[in-house]
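Each chain gets a letter, A, B and so on, in the order the sequences are listed, and its residues count up from 1. Any value given below was found using the heavy atoms of this structure, including those in side chains, with hydrogens, waters and symmetry copies removed.
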Number of protein chains: 2
Amino acid sequence: MFTIDTRSRVPIYEQLTEKLKELIVREVMKEDEQLPSVRSLAQDLTINPNTIQKAYRELEREGYIYSIPGKGSFVSPVKNEINRERMEMLKKELERIVGEILFLGVPKDEVIKLIETMEEPERSGDDD
Amino acid sequence: MFTIDTRSRVPIYEQLTEKLKELIVREVMKEDEQLPSVRSLAQDLTINPNTIQKAYRELEREGYIYSIPGKGSFVSPVKNEINRERMEMLKKELERIVGEILFLGVPKDEVIKLIETMEEPERSGDDD
DNA sequence: ATAACTGTATTATTTATACTAATACAGTTA
DNA sequence: TAACTGTATTAGTATAAATAATACAGTTAT
């Protein structure tokens, strides 16, 4: 389900939250779908359950998932709030990157051309 | 000269290399210009000289600066190599960011519109 | 030549944080 | 009742960054 780089400078629990956020935001994991249990995921990835728990706790704090003791952890209904926050972050990053590229002398047109050649994602299940 | 966040997860020496790289690539610091000495910069930023040295060593290794024992450290003549590598990195980041934005459902046109509204940098000294 | 700078190198210590380990407790479900 | 769930706590380990304290050699100006 996940690929974790234990040698990365990015902590394991943060790699986990990142990847899970993406799965949730992109709706690969649907609303109310159950996440793997803390212990089973820990066993799968051969890392400590506490590390998983830390990731889940963070995801819950940020509203991506909700947990029910005894039952499990589940994907929260997608809040616009979350997408909005993520968009803000992405836009800021975008501006920083493009800013640097422009500074390096690449004309704006070329940057735009680069984006134009990118493929827009398939949205098979968005017509509901 | 610099702002360092000692609490950031990004190590101090890496913050330093990042910022210096930008100053060099953007030619705020010109070719052969002398950098502050290891000790003086350490005193300015109230951090350990060894940390500065580590940053300088890295910058030298990557070809951004050159050091002469007894004299000081200086900005390397800007190599196209460096700009090329940096561009590669920036383009990859750009694609990742834009990819995520598109996944969040923002149409390509809007991303482009955002970039169009950005100001191109002044290039006062580029006409030589 | 001497003092005050430079970069460079080495070794030891401290500090911060992630991660692991080992439990324990309580709710859920079959 | 057994086997799951999430949650919490406490202690220990590992790693990397940063500090501290020196030392050595080249440069520069007086």
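- With sequence neighbours excluded, the residues forming a side chain to side chain contact (heavy atoms under 4.5 Å, CB included) with A:Asp32 are A:Tyr66, listed by chain and number.
- Listed by chain and number, the residues in a side chain to side chain donor-acceptor pair (under 3.5 Å) with B:Glu95 amount to none (sequence neighbours excluded).
- Atom pair B:Asp5:CG and D:dA17:P shows a separation of 16 Å (rounding to whole Å applied).
- Of the residues in residues 52-65 of chain A, those with a non-hydrogen atom less than 4.0 angstrom from any atom of DNA chain C are A:Lys54.
- A distance-only check finds no donor-acceptor pair linking the side chain of A:Glu100 to the backbone of B:Leu90 [under 3.5 Å].
- Phosphate contact (OP1/OP2 of C:dT6, side-chain N/O of B:Ser37, threshold under 4.0 Å): present.
- In this structure a side-chain-to-backbone donor-acceptor pair under 3.5 Å is missing from A:Ser73 to A:Leu35.
- Judged by distance alone, the side chain of A:Lys108 and the main-chain N or O of B:Met118 form a donor-acceptor pair under 3.5 Å.
- Under the 4.5 angstrom side-chain criterion for Ile, Leu, Val, Met, Phe, Trp and Tyr, A:Met89 has no cluster partners at all.
- Remark on the helix from C:dA1-D:dT30 to C:dA30-D:dT1: inter-end axis angle 20°, axes from five-pair C1' superpositions, rounded to 10°.
- One finds a side-chain N or O of B:Thr51 lying less than 4.0 angstrom from the OP1 or OP2 phosphate oxygen of D:dT19.
- For the pair B:Gln34 CD and C:dC5 C1', the computed distance is 11 Å after rounding to whole Å.
- At distances below 3.5 Å, not a single donor-acceptor pair connects side-chain atoms of B:Lys19 with backbone N or O atoms of B:Ile4.
- Taking B:Arg7 as the reference, nothing meets the side chain to side chain donor-acceptor pair (under 3.5 Å) condition, with sequence neighbours excluded.
- Within residues 7-25 of chain A, the residues having any heavy atom closer than 4.0 Å to DNA chain C are, in order of number, A:Pro11, A:Ile12, A:Tyr13.
- In this structure A:Arg9 satisfies the side chain to side chain donor-acceptor pair (under 3.5 Å) test together with B:Glu14, sequence neighbours excluded.
- For the pair A:Leu35 CG and D:dT7 P, the interatomic distance rounds to 11 Å; values are reported in whole Å.
- Residues that satisfy the side chain to side chain contact (heavy atoms under 4.5 Å, CB included) test with B:Glu58, not counting sequence neighbours, are B:Thr17, B:Arg61, B:Glu62.
- Among B:Glu93, B:Lys92, B:Lys91, the single residue meeting the side-chain contact (heavy atoms from CB on, under 4.5 Å) criterion with A:Ile97 is B:Glu93.
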Exercise. Which letter, B, S or -, goes with each nucleotide of nucleotides 20-30 of chain D from 5' to 3', with contact meaning a protein heavy atom under 4.0 Å?
Worked result: BB-B--BSS--
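- In this view, A:Gln53 satisfies the side chain to side chain donor-acceptor pair (under 3.5 Å) rule with no residue, not counting sequence neighbours.
- Judged as a side chain to side chain contact (heavy atoms under 4.5 Å, CB included), and not counting sequence neighbours, A:Pro69 has no contacts.
- Of the side-chain N and O atoms in A:Ser73, one or more sit less than 4.0 angstrom from OP1 or OP2 of D:dG6.
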